[in-house]
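Heads up: the structure comes next, in structure tokens.
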Amino acid sequence: MSSVVEDVIAFCRLFSSFEREEICCGTVSPAQCVLLQTLMDGEWDLSGLAAQARVTKGAMTRLVDGLEARAWVTRERAEDDGRRVLVSLTGEGRKEAKRLRRLTEDSITTLLDRIPPADRAQAIRIIHLLREAAEQTRSQLDCC
């Protein structure tokens, strides 16, 4: 395996572990953390959330169930289509999402602080380029 492949895999695994241990801290799963932060942008329908997270509607329903049990999200039927279920944050859910966002930002800052200042801007640019490339090829990477 090439060095770059090993580095990307190692980084993804380390960051996933870091996210689970330092950001979520046992209060929510990483998937719920991402979901709460996604909902900060406004309400989503359940199908859209499932597509965005690349999980089944059933899996998304279970994620939302857990957040709803904590009174962090609500579900409502769409006025224009009773089959669509809309999910949005409650006031308490917004507070938790903001708390998790701050932890995420602090964690990213901690990582970036470990990069020598002279290389930091280039690292940030490369991260942005990797994100763009992943978004552009997302549909081509589906294998399941």
Side-chain angles (χ1 to χ4, degrees), residues 1-115 120-144:
M1 190 176 328
S2 73
S3 175
V4 70
V5 171
E6 290 174 6
D7 285 345
V8 170
I9 290 169
F11 175 77
C12 290
R13 288 180 180 156
L14 284 166
F15 190 78
S16 178
S17 173
F18 188 74
E19 184 178 46
R20 186 174 53 254
E21 296 166 8
E22 302 296 325
I23 299 168
C24 300
C25 304
T27 60
V28 294
S29 70
Q32 288 174 321
C33 180
V34 170
L35 179 55
L36 283 168
Q37 292 183 48
T38 298
L39 289 168
M40 286 178 67
D41 295 335
E43 72 181 9
W44 282 68
D45 69 19
L46 200 58
S47 296
L49 282 171
Q52 173 72 14
R54 301 179 78 92
V55 299
T56 65
K57 284 175 40 177
M60 183 55 64
T61 296
R62 289 187 295 280
L63 283 170
V64 171
D65 287 346
L67 296 176
E68 190 175 42
R70 297 175 101 162
W72 287 344
V73 299
T74 59
R75 281 186 254 217
E76 295 180 12
R77 295 278 177 198
E79 289 182 17
D80 62 333
D81 182 351
R83 296 170 295 177
R84 282 185 45 226
V85 176
L86 302 176
V87 181
S88 59
L89 291 172
T90 63
E92 286 301 308
R94 184 162 297 285
K95 279 175 45 180
E96 181 63 9
K98 286 180 180 179
R99 184 185 75 80
L100 292 167
R101 172 66 70 155
R102 277 191 309 278
L103 288 171
T104 301
E105 290 171 356
D106 291 348
S107 296
I108 298 298
T109 298
T110 298
L111 288 174
L112 290 174
D113 285 347
R114 301 293 189 276
I115 297 172
R120 205 168 292 151
Q122 182 182 6
I124 291 168
R125 183 175 183 286
I126 290 169
I127 290 167
H128 181 74
L129 289 172
L130 284 169
R131 176 189 175 182
E132 284 182 339
E135 287 173 348
Q136 291 168 4
T137 59
R138 189 173 187 187
S139 64
Q140 296 169 359
L141 298 177
D142 284 338
C143 61
C144 302

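Keep in mind that what you see is a predicted model, and the values were worked out from it rather than measured.
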Hey, is CD on Gln122 packed in by over 12 heavy atoms from elsewhere, all under 6.0 Å?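 No, not enclosed.
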For a 4.5 angstrom cut-off between non-hydrogen side-chain atoms, does Met60 reach Leu35?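 Met60 reaches Leu35 side chain to side chain.
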How about Leu39 and Leu49: do any of their side-chain heavy atoms sit closer than 4.5 Å?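 Of all side-chain heavy-atom pairs linking Leu49 with Leu39, at least one is under 4.5 Å.
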Rounded distance (nearest 0.5 Å) linking atom [atom1] of [X] with atom [atom2] of [Y]:
X      : Y      : atom1 : atom2 : value
Glu92  : Lys95  : CD    : NZ    : 4.0 Å
Ile127 : Ile115 : CD1   : CD1   : 6.0 Å
Thr61  : Leu46  : OG1   : CG    : 4.0 Å
Glu96  : Gln37  : CD    : CD    : 9.5 Å
Leu112 : Arg114 : CG    : CZ    : 10.5 Å
Ser47  : Gln52  : OG    : CD    : 13.0 Å

Closest heavy-atom pair and its distance - [X], [Y]:
X      : Y      : value
Val55  : Ala59  : CB-CB, 4.0 Å
Thr90  : Ala71  : OG1-O, 2.6 Å
Ser88  : Glu43  : CB-CB, 3.8 Å
Ala97  : Leu89  : CB-CD1, 4.2 Å
Leu86  : Asp45  : CD2-CB, 3.8 Å
Arg120 : Asp113 : NH2-O, 3.6 Å

Show the numbers, then the answer: is there a side-chain contact (heavy atoms from CB on, under 4.5 Å) between Val28 and Arg70? CA-CA 10 Å; Val28 294; Arg70 297 175 101 162; 3.6 Å; yes
Is any side-chain N of the basic residue among Arg75 and Asp65 closer than 4.0 Å to the acidic one's carboxylate O?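 Asp65 and Arg75: salt-bridged.
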